[in-house]
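Accompanying notes for the structure given below.
Per chain, numbering begins at 1; letters A, B, ... match sequence-line order.
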Protein chains: 2
Amino acid sequence: MITASVENYLKAVYYLQEESGDVSTSKLSELLKIRPASVTGMIKKMAGINLLVYQPYRTIKLTAKGRREALKILRRHRLIESFLVEIMGLPWNRVHQEAEKWEHVVSDDVVERMAQLLGNPKHDPHGAPIPNKHGAVTPSKNISLAEFPVAVDGIIAEVDDKNAELLRYLAQNGIRPGVRLRIISVEAAGGVMTITVAGKKRILSEKAAHKVYISPRVGKQP
Amino acid sequence: MITASVENYLKAVYYLQEESGDVSTSKLSELLKIRPASVTGMIKKMAGINLLVYQPYRTIKLTAKGRREALKILRRHRLIESFLVEIMGLPWNRVHQEAEKWEHVVSDDVVERMAQLLGNPKHDPHGAPIPNKHGAVTPSKNISLAEFPVAVDGIIAEVDDKNAELLRYLAQNGIRPGVRLRIISVEAAGGVMTITVAGKKRILSEKAAHKVYISPRVGKQP
DNA sequence: TCAAATGTTTAGGTAAGACTAACATATTAA
DNA sequence: TTAATATGTTAGTCTTACCTAAACATTTGA
């Protein structure tokens, strides 16, 4: 049975698989804030229902079924976030937590109804790509602002959605998907950078910069 | 802790209290499809957190807090139903089941946002009154169609929302809140009645008639 | 007043998942 | 190539949040 907890593990496994290629007990443990022993137990359970391939001491891999389920949940999550912002007018930084709850209870066809009302959006309010109904995602090869070159114009593609506090802060500084941005200078020692966002000068911490992603295609030389 | 299960008990207790005045273990057991022994256990737990007053072998009563919580859930449930019909375009007979899941996860302020989007409706799609933010309800003194006089015009006020099958059937026959209706004749032996709904003649089972309520005020003599 | 109906207690079960401590395997660095 | 360190697994418990059957207690009403 795919419980809410299993769904959360699936999201985490998928995320780590995308992020770093290999998924380990310890990474899951850290991400989910669950002790390694418990993670092993759950992983075995999930392998038992064919959501992932597991051999002791080896890296964990999603099966085709597991990947399908993971993308399904991601789709729900991101459509719900979009719905909450676009239709219900919730602030950008609140929708993640709310979607974390909704994603486990909203019926499939109600999710599809949301998609329809929204005009089948390709990205959620943070710029993350929404998998389509068949589980296809266009893997965004966005560049973290922390690795983006200085003095080059870029368009913000995505802003990580986990931390409501940070999101509020970024939103207040005009940092949202679609906005033009340029790094003026980096003070590596101080852990900050000076940028312009939609023409205005801002100081941004390195920590925050890691959560902001720039679209690679639309970057232009100065 | 008010779990989803406690919320369901609260709804049931409130419902029975309205319905018949006194709430007993056996009635709860029957309504919730949970064995009497289990109901006693849960009732004790709920009394422990001050949701209801309980003394062994005596009838169960909601405390002020319990009543407040029950009305809060009822408000959520009915607002969500309205939202699903009005904003999301779900069919009338599907919203009850969906709302049963949503009501336990949607945040308070998101529920209020729904209310606002809907223009603070007073009734849900089945005609049931929606308690206001402070837990006030206008107790509808509607008359079941099974007790309604013959040859008197009435306006449908409410249609019970539990059974999707029955709702679909009633909707197909034009039986919805707001529609004008009149009983032509009752064949008690056959367990059916002949009625006109918005001018059209229909046959209705007694079972179905129990689920349809007529507004008392707008009844007119022939 | 006493049987039937209703309600409660007791003792135990289940599902779903988390935890600690001890043990096993891998990885790395000397 | 062998330790030492890091990582992962097993075994055994615990928790939460219910639910159940069976035996017992109380109330009710014929």
Side-chain angles (χ1 to χ4, degrees), chain A residues 1-17 19-62 65-66 69-70 73 100-101 103-105, chain B residues 1-13 15-17 19-62 66 69-70 73 100-101 103-105:
Chain A
M1 226 241 126
I2 296 186
T3 61
S5 183
V6 167
E7 291 184 342
N8 290 334
Y9 272 86
L10 277 174
K11 281 195 296 178
V13 173
Y14 180 84
Y15 172 79
L16 291 172
Q17 194 163 289
E19 182 80 350
S20 54
D22 73 22
V23 182
S24 64
T25 302
S26 55
K27 281 181 191 163
L28 280 170
S29 168
E30 197 195 334
L31 184 60
L32 295 168
K33 312 270 178 245
I34 291 170
R35 298 268 160 267
S38 314
V39 171
T40 301
M42 185 53 126
I43 288 304
K44 283 163 87 171
K45 173 192 167 161
M46 289 170 72
I49 53 177
N50 244 295
L51 292 171
L52 32 83
V53 176
Y54 165 72
Q55 287 188 295
Y57 301 104
R58 306 252 139 266
T59 60
I60 294 149
K61 283 196 192 335
L62 289 168
K65 180 183 168 196
E69 291 297 334
I73 299 150
E100 292 264 89
K101 297 188 292 172
E103 66 188 6
H104 305 300
V105 307
Chain B
M1 226 240 125
I2 297 186
T3 62
S5 183
V6 168
E7 291 184 341
N8 290 333
Y9 272 86
L10 277 174
K11 280 195 296 178
V13 172
Y15 172 79
L16 291 173
Q17 195 163 288
E19 184 78 352
S20 54
D22 74 21
V23 182
S24 64
T25 303
S26 54
K27 281 183 191 162
L28 280 170
S29 167
E30 197 195 334
L31 184 60
L32 295 168
K33 312 267 177 251
I34 291 169
R35 298 270 161 268
S38 315
V39 171
T40 301
M42 185 54 127
I43 288 305
K44 283 164 88 171
K45 172 191 168 163
M46 288 170 71
I49 54 177
N50 245 292
L51 292 171
L52 32 83
V53 176
Y54 165 72
Q55 286 189 294
Y57 301 103
R58 306 253 139 266
T59 60
I60 294 149
K61 283 197 191 335
L62 288 169
E69 291 296 333
I73 298 150
E100 292 264 89
K101 298 189 294 173
E103 66 189 7
H104 306 299
V105 308

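- If you take CD of B:Q55 and P of D:dT27, they are 11 Å apart, rounded to a whole angstrom.
- Between D:dT7 and A:S24, no contact under 4.0 Å exists linking OP1 or OP2 to a side-chain N or O.
- In this structure, A:E103 and A:K11 have side chains that are in contact, with non-hydrogen atoms separated by less than 4.5 Å.
- In the set D:dA17, D:dA21, D:dT9, D:dA17 carries the atom at the smallest distance from any side-chain atom of B:M1.
- The nearest heavy atom of DNA chain C to A:Y9 and to B:P36 marks one nucleotide each, and the one closer to the 5' end goes with B:P36.
- Residues A:Y15 and A:V23 are not in side-chain contact: their nearest non-hydrogen atoms beyond the backbone lie 4.5 Å or more apart.
- Contact check, A:Y54 against D:dG8: no side-chain N or O comes under 4.0 Å of OP1 or OP2.
- Remark: P of D:dG8 and CD of A:E30 are 11 Å apart, rounded to the nearest angstrom.
- D:dT20 atom P lies 12 Å from atom CE of B:M42, rounded to whole Å.
- Look at CG on B:L28: it is 15 Å from P on D:dC18, rounded to the nearest Å.
- Residue-to-nucleotide proximity on DNA chain C shows that, of A:V6 and A:R58, the 5′-proximal contact is made by A:V6.
- Candidate nucleotides D:dT10, D:dT9, D:dC18 were compared by shortest atom distance to the side chain of A:K44, and D:dT10 ranks first.
- The NZ atom of B:K33 sits 17 Å away from the C1' atom of D:dT20 (whole-angstrom rounding).
- Atom CD1 in B:I2 sits roughly 15 Å away from atom C1' in D:dA17 (whole-Å rounding).
- Each end of the helix from C:dT1-D:dA30 to C:dA30-D:dT1 gets its own axis from five base pairs, and the two axes differ in direction by 0°, given to 10 degrees.
- For the residue pair B:S5 and B:T3, no side-chain donor N or O sits within less than 3.5 Å of a side-chain acceptor on the partner.
- Close approach of DNA chain C to chain B, defined as any atom under 4.0 Å from a non-hydrogen atom of the protein, starts and stops at C:dG7 to C:dT9.
- A heavy-atom distance below 4.5 Å is found between the side chains of A:L31 and A:L16.
- Atom CG of residue A:L51 and atom CD1 of residue A:I60 lie 12.5 Å apart, to the nearest 0.5 angstrom.
- Ranking D:dC18, D:dG8, D:dT20 by closeness to the A:Y57 side chain, first place goes to D:dG8.
- The side chain of A:T25 contributes no N or O atom lying less than 4.0 Å from OP1 or OP2 of D:dT7.
- The two atoms that bring B:Y54 and B:T40 nearest to each other are OH-CG2, 3.7 Å, heavy atoms only.
- At the heavy-atom level, B:S38 lies under 4.0 Å from base atoms of the strands shown.
- Residues B:E19 and B:K27 are not paired through a salt bridge, judged by the lack of any N-O separation under 4.0 Å between the basic side chain and the carboxylate.
- Salt-bridge annotation for B:K61 and B:D22: absent, with no side-chain N of the basic residue lying under 4.0 Å from a carboxylate O of the acidic one.
- Between A:M42 and the choices A:V6, A:I34, A:L32, the side chain to side chain contact (heavy atoms under 4.5 Å, CB included) rule is met once, by A:V6.
- By the 4.5 Å heavy-atom criterion applied to side chains, A:I73 and A:L10 are counted as neighbours.
- Checking D:dA17, D:dG8, D:dC19 against the side-chain heavy atoms of B:K45 singles out D:dA17 as nearest.
- The side chain of A:A37 sits closest to D:dA11 out of D:dA11, D:dA17, D:dG8.
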